[in-house]
*Asks:* 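Have a look at this one.
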Amino acid sequence: IRVGWELLLTTIARTINEIETQILTRDA
Amino acid sequence: MPVFHTKTIESILEPVAQQISHLVIMHEEGEVDGKAIPDLTAPVAAVQAAVSNLVRVGKETVQTTEDAIMRRDMPPAFIKVENACTKLVQAALMLKADPYSVQARDYLIDGSRGILSGTSDLLLTFDEAEVRKIIRVCKGILEYLTVAEVVESMEDLITYTKNLGPGMTKMAKMIDERQQELTHQEHRVMLVNSMNTVKELLPVLISGMTKMAKMIDERQQELTHQEHRVMLVNSMNTVKELLPVLISGLCVLFCGHG
C-alpha cells in the first residue's frame, strides 16, 4: 500500500502539472 | 464504451483514474485493514504545489479569456481541486500522528477522487471552449452560405467562392482534427459523414450558381421572371440542405459532454 498511495500521489502531481502545461499551450 | 470523450483527456486522466479505482477496491475489500499507511507528507506537498500552480495559471486564463462560459465554469473546478487538495493535506497530517487512522484513509480516497473530478471538470471546460471555437468558424460559414442568395453574376460568383474557400478549408481542418480526437467511434463516424456530405454538396451548390450566373450574364431574354425565380429557389434549396447537415455534425461534438 505504501507504493500504492505514494505512486498515486506522484501520478496526481504529474497529471496536474500536465494539465497546467495544456492550459498554457492552449492559452498561447 | 470509453469513459473520457477525447483522446487528450483520456491520456491525461486515465492513469489517475485507474490507480484510484485500484486503491479504492483494495480498501473496500479490506485488503489493507490493520496495515499502517506511511508518512505521505512529501508526495502530498508535491500535489499541493502542483495544484497551487494550476489554479494560478487557470485564474490568469479566466481573467484573459473572451469566452464567457469558460469564465463561468472554470472557478468551480478550481474550488473542487483546492478542496480535494486540502483533504489530502489533512490526511497526511493525520497519518503522521496515527499511521492506522481510518479517517485519514477515507480522506485520501475522497481527496484523490475530488482531484480527479475537479481536473476532469477543468479539462472539460477547456475542451468545450475548443469546440465553441470550431462552432464559431462553422457559423461563419453558414452565414456566408446564405450570401449565395444574392450572387447573380460570374464576377460575384468568383468573389463568393474566393471568400468561401479559406473558411471551408479551415472548417474541414478543424473538424478533421476533432474527429481524430474523439474516443467514441459512432461520434467520429457521424462527424466524418456530415463533413463528407458538406464536401459533396458544396460543388453542387457552386455548379448550380455557376449555371445561373452564366445564364444571367448571357442575358438570355427567353428566361422569364418565373424561370429565374425557380432557378434561384433551387439554388437556395441546396444551401438549405447544407445547413441541417452541418448543424447535426456539430451537435455530435457535444455528445461526449452529456
Side-chain angles (χ1 to χ4, degrees), chain A, chain B residues 8-9 11-20 22-23 26-27 31-32 35-40 42-58 60-61 64-65 74 81 84-85 88 91-92 95 105 108-109 111-112 115-116 118-120 122-123 126-127 129-130 133:
Chain A
I1 194 67
R2 177 189 172 83
V3 174
W5 281 116
E6 282 187 340
L7 184 65
L8 172 64
L9 291 167
T10 308
T11 310
I12 286 175
R14 196 175 55 236
T15 301
I16 294 170
N17 286 332
E18 200 178 334
I19 295 170
E20 185 196 328
T21 310
Q22 283 272 330
I23 292 175
L24 286 171
T25 314
R26 288 187 195 195
D27 199 32
Chain B
T8 302
I9 297 178
S11 71
I12 292 173
L13 295 183
E14 189 69 28
V16 180
Q18 276 185 5
Q19 285 182 36
I20 291 173
H22 179 64
L23 281 165
M26 281 172 73
H27 281 277
E31 281 181 40
V32 288
K35 288 181 186 170
I37 298 178
D39 183 11
L40 295 173
V44 165
V47 171
Q48 203 177 11
V51 166
S52 170
N53 276 335
L54 177 72
V55 171
R56 181 179 48 78
V57 166
E60 282 168 11
T61 306
T64 53
T65 185
M74 277 186 91
V81 174
C85 185
L88 291 179
L95 287 170
R105 198 180 63 184
L108 279 176
I109 292 172
S112 305
I115 297 259
L116 180 63
T119 48
S120 173
L122 204 65
L123 287 170
F126 255 93
D127 189 62
E130 291 298 305
K133 281 183 197 168

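The model shown is predicted, which means the values in this text are computed figures rather than measured ones. Reminder, nothing fancy here: chain letters follow the sequence lines and each chain counts from 1.
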*Asks:* Is chain A contacted by the side chain of B/Ile9, its backbone, both, or neither, given a heavy-atom distance below 4.5 Å?
*Replies:*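 No part of it gets close to chain A.
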*Asks:* Return the CH2 to CE distance between A/Trp5 and B/Met26, rounded to the nearest 0.5 Å.
*Replies:*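 Rounded to the nearest 0.5 Å, the CH2-CE separation comes to 9.5 Å.
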*Asks:* Out of curiosity, A/Ile16 CD1 to B/Ile115 CD1, how far, rounded to the nearest 0.5 Å?
*Replies:*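 So the CD1 of A/Ile16 and the CD1 of B/Ile115 are separated by 4.5 Å.
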*Asks:* Can you tell me which portion of B/Glu130 sits under 4.5 Å from chain A's heavy atoms? Options are side chain, backbone, both or neither.
*Replies:*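 Side chain only.
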*Asks:* Out of B/Pro15, B/Ala42, B/Ala50, return the one with the most heavy atom pairs under 4.5 angstrom to chain A.
*Replies:*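 Sorted descending by pairs with chain A, the first entry is B/Ala50.
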*Asks:* Can you tell me how far apart CG (B/Asn53) and CG (A/Leu24) are? Round to the nearest 0.5 Å.
*Replies:*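 If we round to the nearest 0.5 Å, B/Asn53:CG and A/Leu24:CG are 9.5 Å apart.
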*Asks:* Measure the CD1-CG distance between B/Ile109 and A/Leu8 for me, rounded to the nearest 0.5 Å.
*Replies:*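 Reported value, rounded in 0.5 Å steps: 10.0 Å.
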*Asks:* Determine whether B/Ser112 and A/Ile12 make a side-chain contact, defined as any pair of heavy atoms from C-beta on separated by less than 4.5 Å.
*Replies:*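 The answer is yes; the side chains approach within 4.5 Å.
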*Asks:* Once rounded to the nearest 0.5 Å, what's the spacing between atom CG of B/Asp39 and atom CD of A/Glu6?
*Replies:*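 Answer rounded to 0.5 Å: 8.5 Å.
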*Asks:* Passes side-chain contact (heavy atoms from CB on, under 4.5 Å), B/Leu122 versus A/Ile23? Steps please.
*Replies:* CA-CA 10 Å; B/Leu122 204 65; A/Ile23 292 175; 4.2 Å; yes
*Asks:* Quick one: what part of B/Leu108 sits under 4.5 Å from any heavy atom of chain A, side chain, backbone, both or neither?
*Replies:*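 Looking at B/Leu108, backbone and side chain both touch chain A.
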*Asks:* So, taking the atom named CG in B/Leu123 and the one named OG1 in A/Thr15, what distance separates them when rounded to the nearest 0.5 Å?
*Replies:*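 OG1 of A/Thr15 is found 9.5 Å from CG of B/Leu123.
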